[in-house]
Every structure is written in structure tokens, then in C-alpha cells.
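Have a look at the structure below before the remarks.
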Amino acid sequence: MTASAEPGSTAFATRQIQAGYVPGTPQNSAVPPIYQTAAYQFASLADAADLFALRQAGNLYSRNASPTQQVLEERVAALEGGVSAVAVASGQAAVAVTLLALAGRGGHIVAANQLYGGTVDLLQDTFDDFGIPVTFVDQDDADAWRTAIRPETRALFAESVANPIAQVLDIRLVADIAHSAGVPLVIDNTVGTPFLVRPGEHGADFVVHSATKFLSGHGTSLGGVAVDQGTFDFGAEPERWPQFTGPYPRFGDLVLWERFGIGFAFAALVKSKYVHDLGPSLSPFNAWQILQGIETLDLRVSRQSASALAVAEHLAQHPRVAAVHHPGLAGNPWHGLAGRYLPRGVPSVFSFDLTGPEDAGTQERVAQVIDSLNVIRLVANIGDARSMVAHPASMTHSHLSPAQRAAAGISLNTIRFSAGLEDPADLIADLDQALARL
Ligand SMILES: *Cc1c(COP(=O)(O)O)cnc(C)c1O
């Protein structure tokens, strides 16, 4: 919840190694240490009382904050060009606490149809149980976003690059729609990564991540981060945002907006209420693993992006492949948006459809291909050093209705691919031998 390095003051590759950590702790550890402790000892009772009342910032109990987690928060905020961040136990938790904090009591959310399956479960099932209505819209349809907005709407939500079909969002367009309605735009930048696209530069006010994926980068640790870009002014229409601008009952007459202000009040609310009450805290060890991953983010993402494009180009002319959903390919409907938002490369997660009908035999034909892969692994993850495939219709997106799957662009023939760091020639040869089984 502390300020990041001034955006742009150092280059991305320097920030991914250094932001958020200055050696100077008693042991002077060159690498951020893991503070594997549940709680912190107070200097005095007066000190403890100040920390509990939010009069003073500091460590009290690891459910709320830990120094390892704080380094991660500052680092991701710096990479996104944001002002503050909250790190939590998973990407799901980052999406949940962000939207819960914005929705407050009685709020409504508008979200894209094209979302990660777990997020769809969260928004249409659990948020519904909580009494937070969510309207889903086609993210490419500007009028659909506009018409879905109600007086009680408190956030618009979409992925910068959607998983698994890799639709590229016109972030600026949706940000403008959100802002003309007086609400913030929240972007899940998990697939995009801050190396390839920084949604805050295109109008997004909050950016969330599943740090489990590219930030961690090695498939070892779950984590999530929510970044406040410091752009949304909750004070402009204070009656809409009582959770920020009104008294915070558990802290007497404290008003977060007055105490913390723009760029910091959001993190203060998320930590002191949603993480504190619901408990999705990031373990110090996972925070450390994710920090290790981030140190090589640009190298990994550049290589994975190039490998994925090579694989996509190969699959695009393969006779057993009906379609390749990769916005780096000319002719892809999102190719133009990819040029505008992703000049450094298109993310390495995309999908392709096998040839053949969608019928009772499809699952078996897809299995024939997937179960024949040797180099590429069948794993429900992305952004790992290992290349992996998944079958969205029977795995990540199996809870969606057929109509929802179609709206997200997923068929029974769709296979998701996430490029790792292996030699792309081995990936292509592996896919070729598996496709030959069809
Ligand atoms: C994986 C993923 C999530 C959920 O993150 P977890 O860390 O698995 O909880 C959210 N959004 C996207 C785009 C994802 O790929």
C-alpha cells in the first residue's frame, strides 16, 4: 500500500528487478527475504493501538500484510505504472476483493462475456448469491456496454486479452464508456502482462492479475494482485461511493478518502475490510516465488510470444486445423487491435480448432490429439515455463452453458495452447505428430 517508483522513472527491465525493495533491513539481504511469520511484535501498546486503528502503517498480522508481500505489491504497481497494489492468495481472490470493494452495498457490475471460466463462476453464481448482479456483454459491442450500465453500476470489467480465444479488448473505448457513466474500468491483465500492455495507459483505473501465471512464470505458486492506477476520483460523486467517502463504521469516524486519498483509499479498504474479513492472504513464500519470477518477466514473455506466433503460423496452414485464434495472424478479427495495444508482441496463450463436426464423437477426437502429445503437457494452467494445452469445453470453461461458450468463441473442437520456454521446433513437431493421429 506504499507508493511505487514514479512510473517511467526507470525502464521496465530495471523495475522488474528492483522496484519495491531497498536492502537495508538489519541483515541487509540483497534479495527480498521471506518473512515467514504469522505476526509481528509491537514496540508498545500505544504502537499496537495506532496500527489497529489505521493511524499508523506497519505490520501487525500476516493476514493483513507482510513485508515480502509489500515488495511484491510495490513491484507490480511499478510495472503497471500504478500507484498502489494489494497482493492476495490467488487471481480469483484479486478479482473478488476488487469487485466487492467497488460494488459495496447494492452495486451492479457489467462484465465481458469473454472471461476466464473461474471468473464467470464467481460473477454469475457467487456474486449472485451475495446479491451483486452482473450483466454480461459482448466486449466488442460498445452499445452493449452502454445499455447495460444502470444508475447503480459501480464497475466495468474485462480482460485485456481474453483467455482462451485471445480476443484483444479495445481498452480505450470501454474506458471512455465507463468514465462517461462515472464508473471505473477494471482490467484483468493476466494474459496481457504489464510487459506487453499496461491497461492504465489506455484508461483502465484498476488492473488485476492472476500472478500464478506469467508473473510467477514457473507454475509453482498461486497469487493475485490488484493495482490502483490512481486515476479514479471517488470524491467526484461522493454519494455514489460511501465506502470511500463516508464514515468507516469499524474505525469510528475515519473516512478513507480523507485519510488515504486518490490512489491509496482503494487498497486501504480492500486490505482492512475484504482481505481482513474474508482472509485470502498471500503466503510470504508464494510472494517470494512470484518476485523471483518477475525478475525475468520481459525475457520470458518475449520468447513465449515469439514461440506462440511461430506455432500459430504453422497451425494456420495445417490441414487438420480449422481455425487458429491468434491476433498476431493477419485476418484475425483482433489483428488491428493487437497492432494498437500490443506492439511488443501478442501474448502466448491462444486457441485453435480441430477440423470436424461438433458432435458426440468430438470429445474422443480431441482426446486423440491431446493424449498423443509428449512435449506439450495437458495442464490447467497458462504462463508456465512448460508449454501446455487444455480443452476449455471440458476443463476451464465446462461450467458454461453451450450458449455462453459460443459467446466466448469456444467450440467443442477448441484446444487452448500456452507457449512455454522450450524450443519452438520441438513444440511444432509434437503438435504435428499428435495431429497426424486424427
Ligand atoms: C487463472 C486466471 C484467473 C484466476 O487466477 P488464479 O490465480 O487461478 O486464482 C483469473 N483470470 C485469468 C485471466 C486467469 O487466467
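Position 1 is the first residue of the sequence, and the numbers go up from there. Just so you know, ligand 1 is whichever comes first in the structure, and atom 1 is the first atom listed for that ligand.
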Subject >> Side-chain heavy atoms of Leu378 within contact of Met388, under 4.5 Å >> reply: no
Original post:
Are side-chain N/O atoms of Asp125 and His399 paired as donor and acceptor at under 3.5 Å?
Top reply: no
Original post:
So, Asp170 and Gln139: side-chain donor and acceptor under 3.5 Å apart, yes or no?
Top reply: no
Subject >> Partners passing ring-ring contact (aromatic ring centres under 6.0 Å, His included) against Tyr341 (at least two apart in sequence or in another chain) >> reply: His202
Subject >> Polar side chain donor-acceptor pair, Asn381 to Arg386, under 3.5 angstrom >> reply: no
**OP:** Considering non-hydrogen atoms only, spot the tightest contact between Ser302 and Phe195 and give its length.
**Re:** OG-CE2, 3.4 Å
Subject >> Amino acids contacting ligand 1, non-hydrogen cut-off under 4.0 Å >> reply: Ser90, Gly91, Gln92, Tyr116, Glu159, Asn163, Asp188, Thr190, Ser210, Thr212, Lys213, Gly223, Ile382
